[in-house]
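Remarks on the structure that follows.
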Amino acid sequence: MIEIDGSEGEGGGQIVRNACALALVTGQSFRIRNVRGKRSKPGLMRQHLTAVEAAAAIGAAECTGLAVGSSEISFAPGKVTPGEYHFAVGTAGSTGLVLQTVLIPLLLAGGPSRLVIEGGTHAMQAPPFEFLDQVFLPVINRMGPQVQARLARHGFYPRGGGRIEVDITPAPLQPVDCLDRGALQSVRARALVAGLDQEIGQRELKTAGSKLAWAQELLVLDAIPAEYGPGNALLLEATFEHGCEIVSGFGRVGLSAEHLAKDAAGRMAGLLKSAAFAGPYLADQLLLPFALAGGGTFSTVKPSQHSLTAADIIARFTGRRWRFAQQADGCFHARLS
Amino acid sequence: MRPATVIGFLGSTLDAAKFGPSRWNKWRPSVGVVMHEDLRVDRFILLHGPAHQRLADQVAEDITSVSPETHVECRLLEFRNPWDFEEVYGRLLDFARAEPFDPDSEDYLIHITTGTHVAQICLFLLTEARYLPGRLLQTSPRRNAADAVGSWDVIDLDLSRYDSIATRFAAASAESSSFLKSGIATRNPAFNRMIEEIERVALRSRAPVLLLGPTGAGKSQLARRIHELKRMQHQIAGPFVEVNCATLKGDSAMSALFGHRKGAFTGAVADRPGLLRAADKGMLFLDEIGELGLDEQAMILRAIEDKRFLPVGADTEVSSDFQLIAGTNRDLGDAVAAGLFRDDLFARLNLWTFRLPGLADRREDVEPNLDYELDRFAEREGDLAGFNREARQRYVAFATSPEASWSGNFRDLAASVTRMATLSPHGRIDVDGVEAEITRLRRLWQSQARDGTAILDDVLDTAALADLDLFDRVQLAEVIRVCRSCRSLSEAGRTLFSASLAKRTSANDADRLRKYLARFGLDWRSATGK
């Protein structure tokens with residue numbers, strides 16, 4: 001039984017999700033005390049609960065403490081069974097975060113799976129669907145398994161109700177190196193607008209375009225059916241020779257379109273300036289599959305506290321420890337010791 | 001954790017919104033309640049009338065879409081008039097009775113934000129009466145922000161679960177019981193328990209209270225504090241009137257208690273309202289009630305029961321509404337058996353009976369009372385008084401020893417403190433002062449003990465007295481005392497043999513008493529001097 005203090009480090013929800021995935025892959029049980037101990041509303045929230053329940057469902061796990069507000073959970077994994085699964089997460093909780101919990105165990109399972117996950121697809125505090133589809137999954141696919149994701153319906157905060165469908169063909173994870181992203185090939189800005197005035201999207205594109213000096217034809221307004229709304233997201237995409245990065249901003253009441261766009265554009269500018277393959281979100285998500293592959297390296301920006309906590313949890317389950325070494329160009333190379 | 005079920009009305013106004021994506025920007029209580037990250041609703045019983053079917057369908061669909069964990073059950077509940085209390089309560093009661101609630105496996109939250117005010121009141125009442133076995137759920141929109149989610153709170157009606165409220169109750173209760181104890185931190189658990197009971201009775205009942213206990217045990221002081229407490233709680237407005245019944249003798253007793261009309265008897269030169277009327281809307285403390293004559297007892301009984309009585313010489317009754325506290329150091333049960341106390345009045349008084357222990361039975365309370373008396377002395381005389389450490393230890397050791405009989409109870413203690421404080425230079429009581437006081441107390445209690453049989457000096461000569469065993473001396477002394485308090489041999493016989501009289505095992509009490517006295521060479525005249 002691996003004992004984890006949830007109040008240590010950062011990213012309470014991430015600790016729970018990573019621990020579930022690692023337990024299913026390694027067959028080890030765990031218990032987390034002080035779940036999300038440092039938060040203003042401590043304990044498990046609904047979307048974490050859905051993630052743990054999803055992990056328990058694919059892995060026949062036995063759990064205790066599964067309740068909203070619970071500060072201690074235990075998770076004893078059984079055997080992971082591939083197949084068709086349907087998960088729904090409330091309150092526009094992220095479909096991507098549920099996928100993050102169950103994807104790796106299913107990648108290593110004995111057969112293909114098909115997942116339908118309902119909830120938020122473009123909601124705060126989680127990367128949007130496009131990040132999964134264009135940034136993260138291509139790296140996974142390079143490692144051996146084949147994962148295809150489709151966005152069937154958008155789900156914005158607060159109503160959620162989006163839907164993604166994911167097909168997984170397992171294969172052993174092969175180490176890959178992602179140190180060099182190669183030359184910039186294309187950029188694009190997309191403003192998604194559903195059930196709101198399209199002018200909001202126009203203003204976001206105009207602000208981001210001028211800040212990044214991107215030409216008018218690279219700025220695309222994407223009108224989403226009004227019945228999926230209300231909702232708005234700005235996606236800034238940069239495609240390189242060997243990879244892709246996406247920076248996003250999500251509209252909400254009280255946040256001006258210009259402010260949102262300026263913030264996203266600033267982050268994209270930083271990413272373009274750096275030579276790193278992985279931005280902070282991608283780095284977080286690569287740690288687990290790379291560790292399970294037993295090797296491989298990637299270059300990234302300065303590791304966040306979030307990443308360091310994830311690396312700690314991985315080390316607790318696998319004994320493999322991540323090292324981040326700063327390079328002359330300012331990037332960090334992440335490598336397993 | 002048990003799955004949560006929300007029960008609530010569809011809000012025909014609050015839950016309504018223009019159909020279209022903008023409805024998700026509006027706070028709709030029934031939808032917002034399922035949108036919280038920290039509240040998972042597994043089942044939602046949505047009550048609505050047939051007129052709002054479309055809205056109910058829309059809301060149910062939105063609940064399911066935003067909260068896939070929630071299963072919505074719509075229930076038709078038709079009111080002819082949703083503002084009619086009787087109808088709404090009746091319908092909801094029917095609903096609550098028909099619903100197969102299982103509080104052991106489900107947690108119920110009664111959403112009171114939607115529905116008419118009458119519906120909210122009914123939900124509250126049914127929840128408080130446990131027909132709806134859950135807690136109240138209150139939701140509200142977030143301040144200063146257009147937001148669909150809002151905020152939520154669960155209201156548990158069990159007030160003891162709220163720390164600050166419970167603390168206030170406990171503090172108020174400690175305050176009032178401490179008030180009854182005049183702020184003295186008494187340690188005797190039996191006494192403290194009794195004070196708590198008296199407090200509860202005082203605050204909840206207007207029935208007469210009977211305080212038993214030896215002289216000086218604090219009956220009068222306690223009665224006064226009960227009056228104060230009730231006055232502070234606005235339960236009583238009138239004054240505290242205290243009468244020692246032992247001081248009421250003969251004809252003047254009636255008029256002192258019940259008043260008289262001018263000219264009712266010789267000397268009645270003006271109307272006199274009497275003590276009962278003075279206590280109107282207040283409290284009457286009848287101390288030594290056992291000393292009251294039988295006629296007065298009958299009048300008092302009528303005054304308690306009907307709040308009416310007839311003043312001496314008056315043609316019409318007057319009324320007075322007072323609460324009665326009676327005190328006695330006599331055993332009223334014996335007095336009833338002896339025919340000296342009316343059994344109906346005794347029954348009336350004997351509802352809330354409290355027995356105040358003497359100081360000798362509350363030795364752990366000697367010290368707190370000692371401090372209290374020192375404070376009182378300082379307040380009264382304007383001079384601080386205190387012991388030095390050694391002196392205090394010596395005094396407390398004596399005062400709590402079996403040697404200290406405290407036969408005059410708190411009266412003795414007060415007098416003792418007054419003597420020590422007054423005699424000590426600069427109010428510092430030292431060991432010498434304490435030793436002197438201990439000598440005084442010993443002498444006081446010894447002479448009182450001797451006084452018990454000193455009465456025999458009057459009736460027997462020294463030689464006859466020397467022949468008597470202590471056993472007989474004590475018995476004879478008490479018999480003489482009773483004889484002297486009675487008007488005739490027969491009355492004394494009835495008093496002395498009241499227990500036998502009650503069982504009708506003694507035919508002639510007077511004869512029995514006469515024979516007893518004769519054993520010592522005494523008769524009625526020589527025994528009583530009458």
Side-chain angles (χ1 to χ4, degrees), chain A residues 13 36 39-50 53 64-70 73 86-93 95 98 116-120 124-125 153-163 193-197 224-232 251-255, chain B residues 1-6 17-44 58-72 105-107 109 135 137 139 141-154:
Chain A
R36 301 180 71 253
R39 305 307 175 93
S40 61
K41 283 181 186 170
L44 279 187
M45 295 291 112
R46 278 167 68 184
Q47 59 164 315
H48 309 123
L49 200 58
T50 310
E53 285 173 343
T64 62
L66 280 196
V68 171
S70 174
I73 56 166
H86 182 174
F87 305 117
V89 47
T91 68
T95 48
V98 175
V116 173
I117 309 177
E118 291 181 298
M124 286 171 290
Q125 291 167 345
R153 186 189 153 128
H154 290 76
F156 297 95
Y157 179 85
R159 69 171 296 189
R163 178 183 167 107
V193 180
L196 295 171
D197 194 336
I224 310 294
E227 73 223 54
Y228 298 173
N232 160 243
R252 62 171 195 273
V253 178
L255 177 67
Chain B
M1 198 205 252
R2 293 168 301 165
T5 295
V6 167
K18 238 188 260 166
F19 185 78
S22 69
R23 71 184 187 279
W24 291 99
N25 292 332
K26 179 186 184 247
W27 176 66
R28 293 176 291 166
S30 296
V31 181
V33 73
V34 303
M35 293 175 75
H36 294 278
E37 259 292 83
D38 55 349
L39 176 66
R40 173 151 143 175
V41 178
D42 299 273
R43 198 154 75 98
F44 198 139
Q58 175 67 59
V59 166
E61 194 189 317
D62 283 349
I63 290 174
T64 314
S65 104
V66 75
S67 177
E69 302 100 316
T70 308
H71 174 72
V72 184
S105 54
E106 276 188 307
D107 187 20
L109 297 171
R135 293 170 297 161
L137 174 67
T139 57
R142 239 166 242 166
R143 262 167 216 273
N144 312 323
D147 160 67
V149 181
S151 61
W152 66 281
D153 274 298
V154 163

Separation between CG of B:Leu39 and NZ of A:Lys41, rounded to the nearest 0.5 Å: 9.5 Å
Just so I understand: if I count every heavy-atom pair under 4.5 Å between each of A:Gly90, A:Ala92, A:Gly65 and chain B, which residue has the most? A:Gly90
A:Thr91 to B:Val34 - nearest heavy-atom pair and separation: CG2-O, 4.0 Å
Rounded to the nearest 0.5 angstrom, the CZ-CE distance for A:Arg46 and B:Met35 is 9.5 Å
Show the nearest heavy-atom pair for residues A:Pro230 and B:Pro21, with the distance to one decimal. CD-O, 3.0 Å
Among B:Glu37, B:Arg2, B:His36, who wins on heavy-atom pairs under 4.5 Å with chain A? B:Glu37
On a heavy-atom basis, the closest approach of A:Pro158 and B:Ala148 is CG-CB, 4.3 Å
Which bit of A:Phe156 is near chain B, if near means a heavy-atom gap under 4.5 Å: side chain, backbone, both or neither? neither
As an exercise, state the distance from OG1 of A:Thr50 to CD of B:Glu69, rounded to the nearest 0.5 Å. 4.5 Å
Rounded to the nearest 0.5 Å, how far does CD of A:Gln47 lie from CZ of B:Arg40? 12.5 Å
What are the two closest non-hydrogen atoms of B:Val66 and A:Arg159, and how far apart are they? CG2-O, 3.3 Å
